[in-house]
Amino acid sequence: MTATAERAGGVLERYEAVIGIEIHCQLRTVSKMFCACSTQYDGAAPNTHCCPTCLGLPGALPVINRAAVEHVIATGLAIGASIPARTQWERKNYFYPDLPKGYQISQYAIPLAANGRLAIETSAGLFTVDITRAHLEEDTAKLAHGDVVPGSTAGRTTLVDFNRSGAPLMEIVTEPCIRTAEQARRYAEELQLVLRAIGVSDADMERGQMRVEANVSLRVRGTQPFGTRVEVKNMNSFRSVERAIAFEIERQAAALDAGEPLWMETRGWDDGRQATYHMRSKETSEDYRYFPEPDLPPLRVDEAWIEAVRAGLPELPAARRERYVAAGITPYDAAVIVADPGMTGAFEAISAAAASLPAKEIANFVSGMHARAAKSAGINDRGTAGASDPASIAVLLSAIADGSIGRPIGRDLLDRHLADGTPAADLLATVASTISDDAALLGHIDAVIAANPKAVADHRAGKPVAGFFVGQVMRATGGAADAAKVTALVRQRLDAEG
Amino acid sequence: MADLQGLTQLFAHEMAARLRSGETTAREIAEAHLARAHATDHGLHAWLTIDDERALAEADAADATLAGARAEGPDALAALHPLHGMPVALKDLVSVKGGQCTAGSRILEGYRAPYDAHITERLRAVGVVILGKTNMDEFAMGSSCEHSAFGPTANPWDLERVPGGSSGGSAASVAAFQTPLSIGTDTGGSIRQPAALCGIVGMKPTYGRVSRYGIVAFASSLDQIGPFARDVRDAAALLHAVSGRDERDSTSAPEPVAEDLVNLPASDDEAASWLRGKRFGVPREYFVEGMEPGVAAAIRTAVADLERAGATVEEVSLPHTDYGLASYYIVAPAEASANLARYDGVRFGHAVTDGADYLADYLVTRGSGFGPEVKRRVMLGTYALSAGYYDAFYLKALKVRTLIKRDFDVLFDAGFDALVGPTSPDVAFRFGAKLADPVKMYLSDACTLPVNMAGLPGISIPCGLSEGLPVGLQLIGPAWSEGVLMRAARAYEGVTASADWRRVRPHDLAKLAGAGLPTPAERIASR
């Protein structure tokens with residue numbers, strides 16, 4: 001826990017924090033929410049992924065992206081929310097240069113998913129976050145402020161890039177049920193896992209694919225009414241979510257202690273200063289003049305559609321962790337593996353290839369050697385690192401587990417397999433022949449003796465050099481030789497040398 | 001060589017026959033209409049853009065397609081759309097790639113649409129030749145075309161009078177024989193009322209019949225696109241050309257397009273015989289207080305004509321008609337207030353920026369870019385949607401809308417084939433007559449806007465004159481009954497084929513060709 005978080009912990013003896021989280025997620029779809037434009041605009045030149053609809057040109061009309069709707073239904077099912085049989089679209093009206101139509105098509109009265117929940121593990125135990133709703137809307141364009149036009153005479157320029165305009169966005173809102181900064185962070189982390197597991201969003205916070213906003217207020221413990229609410233934005237990592245909320249709790253507590261008033265405001269998180277700062281006042285609530293979008297008929301979601309989406313849902317992170325723990329993995333390792341799609345994939349692939357292998361053995365490999373290899377070589381379509389394959393890994397891990405090869409040799413073979421993909425059978429063959437064949441071992445020993453006349457002379461002088469020769473032979477065989485057998489053979493040969 | 005002046009006097013189906021028989025070409029037809037539009041528009045101001053180059057290129061392409069079909073054989077020729085090679089004018093809120101699209105507003109000055117509207121694609125696909133874009137009330141808000149930022153359009157029947165609106169330019173251009181066909185949009189009566197005031201045919205189809213993709217939006221849940229023509233057969237063929245499901249408009253319906261739209265009887269007697277045994281209702285609420293006696297008389301005569309032709313006519317009631325205007329002027333401005341938010345000067349069109357801050361730029365851009373009627377409706381709509389007022393205004397208006405729709409459902413469920421009544425309570429009025437009193441202007445649409453609120457099809461056809469000016473008869477049908485309405489309208493044409501008023505042409509047609517005529521704006525200024 002950070003120092004700020006610890007201080008906030010002290011504050012929490014007097015005050016209770018009331019926190020609600022709103023998360024906007026960019027959905028993983030081929031095209032935008034209401035037009036056929038591609039969503040693959042990352043790194044593209046500005047205004048190259050737009051059309052009359054997402055530019056808000058006169059006469060352009062929206063058409064619903066079915067995949068985006070299914071993503072929200074999938075999310076709703078994953079958080080145990082109810083999906084209404086009929087949902088509708090509303091226009092949210094406000095003026096801003098990043099909003100080409102002057103309204104955002106959103107869902108207001110009837111969200112696509114309502115009344116869900118998500119259980120999270122915290123340092124204080126299990127906690128369930130109540131989720132009010134998840135709905136679908138469209139993203140805004142991106143503004144670039146500042147005098148960035150070469151040769152521009154204007155004092156201040158704002159450029160608009162409409163590539164992001166109209167990208168599908170899911171907004172997930174919790175009840176004001178969160179009480180600590182840690183819960184907030186853990187909720188965001190777990191939600192990210194769920195969204196990634198069901199494949200609806202890449203949910204990368206640093207890339208703006210998952211934007212977390214927190215509404216934070218304090219009340220004196222034991223009292224009911226909510227305190228003055230402050231909205232916190234610009235938190236670009238899970239760590240900043242926790243720190244910003246902890247900071248905000250402490251800031252508000254200090255103000256309350258000092259008898260200073262708090263304002264309804266939006267504050268931003270400054271990662272450099274590790275503090276929130278005032279962005280704008282929210283004293284007057286904006287009137288968005290929501291009304292049903294006349295360009296889109298209400299959307300009917302029948303049971304068959306919901307069931308089809310449900311049937312396509314994969315195992316959720318919580319269930320997976322539970323299964324891993326039941327298989328003998330520590331809860332910590334299970335959390336580490338499930339939190340990482342690469343590790344999860346490798347674990348599943350290797351497990352599938354080796355039914356009798358202890359899960360613990362696979363877990364250690366996946367979170368250790370394999371994770372390092374995957375970091376440099378990436379994951380292949382078989383689910384493992386570089387040129388490796390789950391079957392070979394399973395064979396090698398099994399050979400180690402049943403003692404048929406020594407652990408150091410086993411690690412060496414796994415390293416070689418991860419490095420170039422040499423099949424396990426070929427690797428094991430080299431080890432097996434060296435062990436069983438005296439003649440081969442003698443060949444190595446003779447070569448070592450021939451190469452070290454000085455050591456032979458030392459032996460003749462009665463010096464203890466057998467260990468040196470054994471070491472040399474072990475090196476020459478890649479450690480695969482039976483050390484006891486080599487020692488016996490070395491003594492035999494040295495004695496013969498006289 | 002064909003008589004160019006003569007071509008413009010023809011219906012599209014007559015020109016199409018000559019085109020197919022080889023008597024004329026699409027190019028000749030286009031040239032004749034372009035020449036007439038250029039020569040007669042100074043005093044009318046029906047057009048905002050006439051694009052000769054594009055039109056002639058399209059006409060040449062239509063001729064080439066026709067030549068290819070002719071070479072291929074009778075089947076290929078028959079497969080061509082009846083309107084192949086025919087000229088059309090588009091209201092200046094239909095996107096045509098590369099062309100201006102002002103919606104009658106300063107705020108869209110300089111904007112060029114980078115894409116084609118669905119109907120633009122459809123018209124091109126069937127070989128229709130787009131001559132240019134017509135004048136309109138700004139963002140289709142108005143009933144007189146006086147709210148165009150580019151000056152009003154006059155009525156060819158009397159250049160001192162309005163052509164109706166908002167599709168005033170589209171209606172006036174057809175009435176003035178500058179084009180046989182045009183496209184308008186109708187949110188509360190913007191096709192039917194100008195059709196009535198200009199003495200031509202205009203239909204607002206069922207909501208969802210024609211894709212709104214690429215049409216500058218006024219009120220999304222009410223807007224529909226429809227045809228103007230000088231007779232029912234041409235109007236039906238143009239509706240046929242632009243109808244049908246479009247994946248890009250989620251409110252466009254998969255309803256099949258009635259193929260008999262292009263097979264309406266040519267014979268007046270045959271057409272009239274359809275009326276036998278049909279049942280019409282005449283809503284008593286549509287004979288509103290303050291209605292022009294001449295209009296009421298013409299409608300009564302028309303009703304009698306239908307009866308004489310064998311139809312049953314009964315007086316019926318649409319009890320919530322009185323609430324139509326009030327609820328419409330909540331719903332339409334509410335949607336408009338959001339639809340018009342995109343005109344902010346950031347991406348296209350009129351922009352005033354001093355770079356101080358966004359809000360200041362928006363205020364100045366929108367303040368100087370929108371005209372008074374648009375501002376009035378944006379304010380009305382913004383107010384109606386505001387926190388604390390939403391339930392009392394917008395939600396209430398939606399409930400009334402449901403009741404209005406139910407009024408119609410009750411009658412159609414009871415077996416009426418269509419309802420018959422006036423399109424507009426009065427004939428073309430003088431410039432300025434209703435400009436000072438917005439509610440007076442809004443009342444022009446009292447008989448048409450309930451049809452938009454209910455999403456139903458409605459057509460206005462000429463049914464006589466009141467003090468020398470055209471009166472429109474409105475037929476309203478159940479959803480997707482365009483085929484029936486067109487047959488009924490064509491039948492009425494057949495019944496009244498020999499009526500004297502059918503031979504009266506717009507009084508000021510001759511004046512339009514004269515030199516030195518002031519523009520409508522100059523005419524008004526000089527009063």
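Each chain gets a letter, A, B and so on, in the order the sequences are listed, and its residues count up from 1. Computation of the quantities below employed the complete heavy-atom set of this structure, encompassing side-chain atoms and omitting hydrogens, waters and symmetry-equivalent molecules.
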* Under 4.5 Å, counting heavy-atom pairs only, tell me which of A/G56, A/P62, A/P292, A/A60 racks up the most with chain B. => A/G56
* Under 4.5 Å between any side-chain heavy atoms of A/P52 and B/R248, yes or no? -> no
* Asked: Side chain, backbone, both or neither: which part of B/Y389 has a heavy atom under 4.5 Å from chain A?
  -> neither
* Asked: Mind checking whether A/F291 and B/Y394 have parallel, tilted or perpendicular rings, split at 30° and 60°?
  -> perpendicular
* Could you go step by step and tell me if A/E293 and B/S250 meet the side-chain contact (heavy atoms from CB on, under 4.5 Å) rule? -> CA-CA 11 Å; A/E293 165 58 280; B/S250 305; over 6 Å; no
* **Which atom of B/S95 lies closest to which atom of A/P58, heavy atoms considered** => OG-O, 4.1 Å
* Please list, in residue-number order, every residue in residues 329-342 of chain B that has a heavy atom less than 4.5 Å from any heavy atom of chain A; write 'none' if there are none. => B/A334, B/E335, B/A338, B/N339, B/A341, B/R342
* Under a 4.5 Å heavy-atom cut-off, does chain A meet the side chain of B/A117, its backbone, both or neither? -> neither
* So which part of B/V346 gets closer than 4.5 Å to some heavy atom of chain A, the side chain, the backbone, both or neither? -> side chain
* To do: Mind checking the OG1-OH spacing from A/T53 to B/Y213? Nearest 0.5 Å is all I need.
  => 5.0 Å
* **Residue part contacting chain A, namely of B/T382, when any heavy atom lies under 4.5 Å** => both
* Whether over 12 other heavy atoms sit under 6.0 Å from A/R229 CZ -> no
* **Among the listed options B/A219, B/S221, B/G214, the residue most often paired with chain A at heavy-atom distances under 4.5 Å** => B/G214
* Counting only heavy atoms closer than 4.5 Å, note whether B/R212 contacts chain A via side chain, backbone, both or neither. => both
* Asked: When only pairs under 4.5 Å are counted, which of A/L61, A/V63, A/N93 shares the most heavy-atom pairs with chain B?
  -> A/L61
* For chain B, which residues of residues 95-111 of chain A have at least one non-hydrogen atom nearer than 4.5 Å to it? -> A/F95, A/Y96, A/P97, A/P100, A/K101, A/G102, A/Y103
* To the nearest 0.5 Å, what is the distance between CG (A/L55) and OH (B/Y115)? -> 10.5 Å
* What part of B/Y207 lies closer than 4.5 angstrom to a heavy atom of chain A: side chain, backbone, both or neither? -> side chain
* To do: Might you point out which heavy atoms bring B/T251 and A/P297 nearest each other, and give the distance in Å?
  => CG2-CD, 4.5 Å
* Asked: Taking A/L296, A/D295, A/V160, A/I64 one by one, which has the highest count of heavy-atom pairs under 4.5 Å against chain B?
  -> A/D295
* Counting only heavy atoms not in A/R86, do more than 12 fall under 6.0 Å of its CZ? -> yes
* **Which atoms of B/S386 approach chain A - backbone, side chain, both or neither, heavy atom under 4.5 Å** => both
* Other residues, nucleotides, ligands: >12 heavy atoms within 6.0 Å of B/K396 NZ -> no
